[in-house]
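The structure appears right after this line, and notes come after that.
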Amino acid sequence: DDVESRGLGDVYKRQLMHLADLMNVDRSNTIGIGDNENDLALVKMANVGVAVSNAVDEVKEVADFITVDNNSSAVAAVIYALDDEEIKFE
């Protein structure tokens, strides 16, 4: 049974929203980072959707920002981009 076929993308999306609710964070202050089809819902739903540079084209097309590949500390690169104001919450 393939985990990907069971709607893992929706799980990621729900988990981000649940975490945001628990921490009292508005959706407008969320970032979703992804690389594959299972991340599409997360990247689309977050206020700022980020694709890693080696993501599939479908994720890159919906992303607001493309960062380094997933083997190059992509999450850290996104944090630095926020700090340098390369990524802004609109």
| field | Spacing of CG belonging to L22 relative to CD belonging to Q15, to within rounding of 0.5 Å | value | 11.5 Å
| request: Starting at NZ of K88, measure out to CG of D64 and round the result to the nearest 0.5 Å. | output: 14.0 Å
| query | When Ile, Leu, Val, Met, Phe, Trp and Tyr are grouped by side-chain heavy atoms lying under 4.5 Å apart, directly or through other members, which residues fall in the same group as V75? | reply | I31, I33, V48, V50, V52, F65, V78, I79, L82, I87, F89
| said: If the condition is side chain to side chain donor-acceptor pair (under 3.5 Å), which residues does D69 pass it with, not counting sequence neighbours? | reply: S72
| field | Closest contact, heavy atoms only, I66 versus S53 | value | CG2-CA, 3.8 Å
| field | Within 6.0 Å of NZ in K60, more than 12 heavy atoms from elsewhere | value | yes
| query | Other than L19, which residues form its hydrophobic cluster under the rule that side-chain heavy atoms must be closer than 4.5 Å? | reply | M23, V25
| note | Taken in chain and number order and not counting sequence neighbours, the residues that satisfy side chain to side chain donor-acceptor pair (under 3.5 Å) with D26 are S28
| request: List for me each residue that meets side chain to side chain donor-acceptor pair (under 3.5 Å) alongside N54, sequence neighbours excluded, and say none if there are none. | output: N70
| message | Quick check: closest heavy atoms across L42 and G32, and the distance to 0.1 Å? | response | CG-CA, 3.9 Å
| request: Determine yes or no for a side-chain-to-main-chain donor-acceptor pair under 3.5 angstrom, with R27 supplying the side chain and M45 the backbone. | output: yes
| Check: T67 side chain, A77 main-chain N or O, donor-acceptor pair, under 3.5 Å | no
| Who passes side-chain contact (heavy atoms from CB on, under 4.5 Å) against V56, sequence neighbours left out? | N36, E37, E58, V59
